[in-house]
Protein chains: 2
Amino acid sequence: MDRFKDVLKASNLKSTHQRLAILDSIDQFGHVDIDTLYDSIFQKYPTMSKATLYRNINDLISFHILEEVKLPQQKQQYEIKKVPHIHLLCSECGSVEDLFIETKPLLETIVSQSGFHISHSFIVMNGTCKVCASKTVKAFS
Amino acid sequence: MDRFKDVLKASNLKSTHQRLAILDSIDQFGHVDIDTLYDSIFQKYPTMSKATLYRNINDLISFHILEEVKLPQQKQQYEIKKVPHIHLLCSECGSVEDLFIETKPLLETIVSQSGFHISHSFIVMNGTCKVCASKTVKAFS
DNA sequence: TTCTAAATAATACTAATTACTATTTAAGAT
DNA sequence: ATCTTAAATAGTAATTAGTATTATTTAGAA
């Protein structure tokens with residue numbers, strides 16, 4: 001449960017119950033928006049204020065411990081910063097799936113074509129997930 | 001100036017001065033956030049209310065005439081919906097560049113690897129643009 | 001021109017986010 | 001274990017963002 005203590009220490013941040021609860025909860029959700037997160041944490045810490053949540057999230061983002069996930073037509077979400085990956089957003093069921101995939105060829109094309117130096121990338125694919133696609137029997141057979 | 005009249009008509013939306021001003025202004029900016037946009041339009045139409053701006057932007061998005069651009073650490077921006085392209089966000093000067101590039105190979109890999117059906121994609125690259133990169137002479141020679 | 005559904009302006013209202021400050025706490029030093 | 005203090009929190013106020021309402025205006029078709 002306390003694997004995030006080291007992470008916080010590495011950034012000279014104190015391991016408060018609140019921070020550990022925030023990180024733990026986000027980790028369990030995978031991706032989560034501010035309200036869902038607050039409700040979830042409020043169960044364990046009814047005393048935690050929303051201002052604390054906002055402040056911590058912003059702090060953790062600036063220390064690159066958390067990462068924003070901004071998807072079209074959705075409330076902003078947050079996740080634990082992981083190895084680079086892309087997001088698959090299903091427009092049917094609203095699920096968000098992480099896909100760890102090699103993007104180097106694309107990045108190299110971009111660099112050579114634009115002269116832009118890439119530090120990191122954010123990729124979202126909108127469409128229909130495997131499950132929903134299988135449910136939807138197409139009209140044409 | 002009125003090339004957007006046809007666009008609006010195609011969606012059965014009335015070509016009000018306000019809408020044309022909004023589209024025209026966004027078009028000129030390329031990408032723009034709500035406040036910059038409002039200030040800009042306010043010059044020509046001091047009577048236009050912010051509620052009208054918000055309402056129109058939402059309407060135009062739902063008719064796929066506008067598109068949201070959600071970049072990390074930035075206020076949400078808007079742009080005229082164009083052919084698919086990716087965004088290059090410079091962390092030095094804050095510029096946002098559009099790059100029209102072939103992403104099909106990446107998309108095909110994703111489909112085959114995940115079974116996800118992609119309808120459209122949203123790609124942001126963070127890094128340093130050509131101009132800023134050339135300004136920053138690296139310490140090692 | 002006239003007519004009408006659609007759109008706007010102005011304002012009120014609600015939600016989201018940040019700022020502030022007195023109090024509490026993590027964690028290093030003793 | 002206790003003390004100390006800088007950092008963090010709780011609670012609330014203030015600010016900012018966004019939506020709803022309604023009387024008035026307008027685009028565009030007849």
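Naming: A, B, ... by sequence-line order, numbering from 1 per chain.
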Problem - Atom-to-atom span, OH of A:Tyr54 to P of C:dA16 - whole angstrom - result: 7 Å

Completion exercise
In numerical order, the residues of residues 58-65 of chain B whose heavy atoms come under 4.0 Å of DNA chain C are none

Problem - Nucleic acid contacts - residues 66-81 of chain B versus DNA chain C, non-hydrogen atoms under 4.0 Å - result: none

Fill in the blank from the handout: Between CG of A:Leu20 and C1' of D:dT9 the distance, given in whole Å, is 14 Å

Problem - Pairwise distance CZ(A:Arg3) to CG(A:Asp27) - rounded to 0.5 angstrom - result: 4.5 Å

Exercise for the section: Could you tell me which residues satisfy ring pair (Phe, Tyr, Trp, His ring centres under 6.0 Å) with A:His31, sequence neighbours excluded, listed by chain and number? Expected result: A:His87

Exercise for the section: Can you run down the salt bridge (Lys or Arg N to Asp or Glu O under 4.0 Å) pairs that involve residues 43-52 of chain A, sequence neighbours left out, and say none if there aren't any? Expected result: A:Asp35-A:Lys50

Problem - Protein-nucleotide distance (A:Leu53, atom CG; D:dA8, atom C1'), rounded to Å - result: 14 Å

Practice task
Rounded to 10°, tell me the angle between the two end axes of the helix from C:dT1-D:dA30 to C:dT30-D:dA1, each built from five pairs.
Solution key: 40°

Handout entry: More than 12 heavy atoms from other groups under 6.0 Å of NZ on B:Lys82
Key = yes

Practice task
Determine whether A:Phe4 and A:Ile80 make a side-chain contact, defined as any pair of heavy atoms from C-beta on separated by less than 4.5 Å.
Solution key: yes

Problem - Residues from residues 37-50 of chain A lying under 4.0 Å of DNA chain C - heavy atoms - result: none

Handout entry: Any residue meeting side chain to side chain donor-acceptor pair (under 3.5 Å) with A:Ser49, in chain and number order, not counting sequence neighbours
Key = A:Thr52

Acceptor/donor pairs from residues 11-19 of chain B side chains to any protein atom, 3.5 angstrom cut, sequence neighbours excluded:
unit_1	atom_1	unit_2	atom_2	d
B:Thr16	OG1	B:Arg19	N	3.1
B:Arg19	NE	B:Asn56	OD1	2.7
B:Arg19	NH1	B:Lys14	O	2.9

Problem - In one Ile/Leu/Val/Met/Phe/Trp/Tyr side-chain cluster, 4.5 Å: B:Leu37, B:Tyr45 - result: yes

Exercise for the section: List for me each residue that meets side chain to side chain donor-acceptor pair (under 3.5 Å) alongside A:Gln76, sequence neighbours excluded, and say none if there are none. Expected result: A:Glu68

Problem - Closest contact, heavy atoms only, A:Ile61 versus B:Gln73 - result: CG2-NE2, 3.7 Å

Practice task
Can you tell me the distance, in whole Å, between the CG atom of A:Asn12 and the C1' atom of D:dA8?
Solution key: 14 Å

Handout entry: Nearest-neighbour nucleotide for the B:Ala51 side chain, D:dA20, C:dT17, C:dT8 considered
Key = D:dA20

Exercise for the section: Flag yes if more than 12 heavy atoms outside B:Lys75 fall under 6.0 Å of its NZ atom; otherwise flag no. Expected result: yes

Handout entry: Donor on one side chain, acceptor on other, B:His85 and B:Glu79, under 3.5 Å
Key = yes

Practice task
Can you tell me the distance, in whole Å, between the CG atom of B:Asp35 and the C1' atom of D:dG18?
Solution key: 11 Å

Exercise for the section: Give a yes or no on this: more than 12 heavy atoms of other residues, nucleotides or ligands lie within 6.0 Å of atom NZ of A:Lys130. Expected result: no

Practice task
Tell me, please, which residues at least two apart from B:Tyr38 pass ring pair (Phe, Tyr, Trp, His ring centres under 6.0 Å).
Solution key: B:Phe42

Completion exercise
To the nearest 0.5 Å, atom CD1 of A:Ile86 lies from atom CD1 of B:Ile123 at 8.0 Å

Exercise for the section: Verify the contact: side-chain N or O of B:Asn56 to OP1 or OP2 of C:dA7, cut-off strictly under 4.0 Å; return yes or no. Expected result: no

Problem - A:Arg55 CZ to D:dA10 P, straight-line distance once rounded to whole Å - result: 8 Å

Handout entry: B:Thr36: partners by side-chain contact (heavy atoms from CB on, under 4.5 Å), with sequence neighbours left out
Key = B:Phe29, B:Val32, B:Asp33

Problem - B:Thr52 side chain, from C-beta outward: closest of D:dA17, D:dT9, C:dT8 - result: C:dT8

Check the interface with nucleotides 25-28 of chain C: list each N/O to N/O pair with the protein under 3.5 Å, or write none.
unit_1	atom_1	unit_2	atom_2	d
C:dA26	N3	A:Lys14	NZ	3.3
C:dA27	OP1	A:Ser15	N	2.9

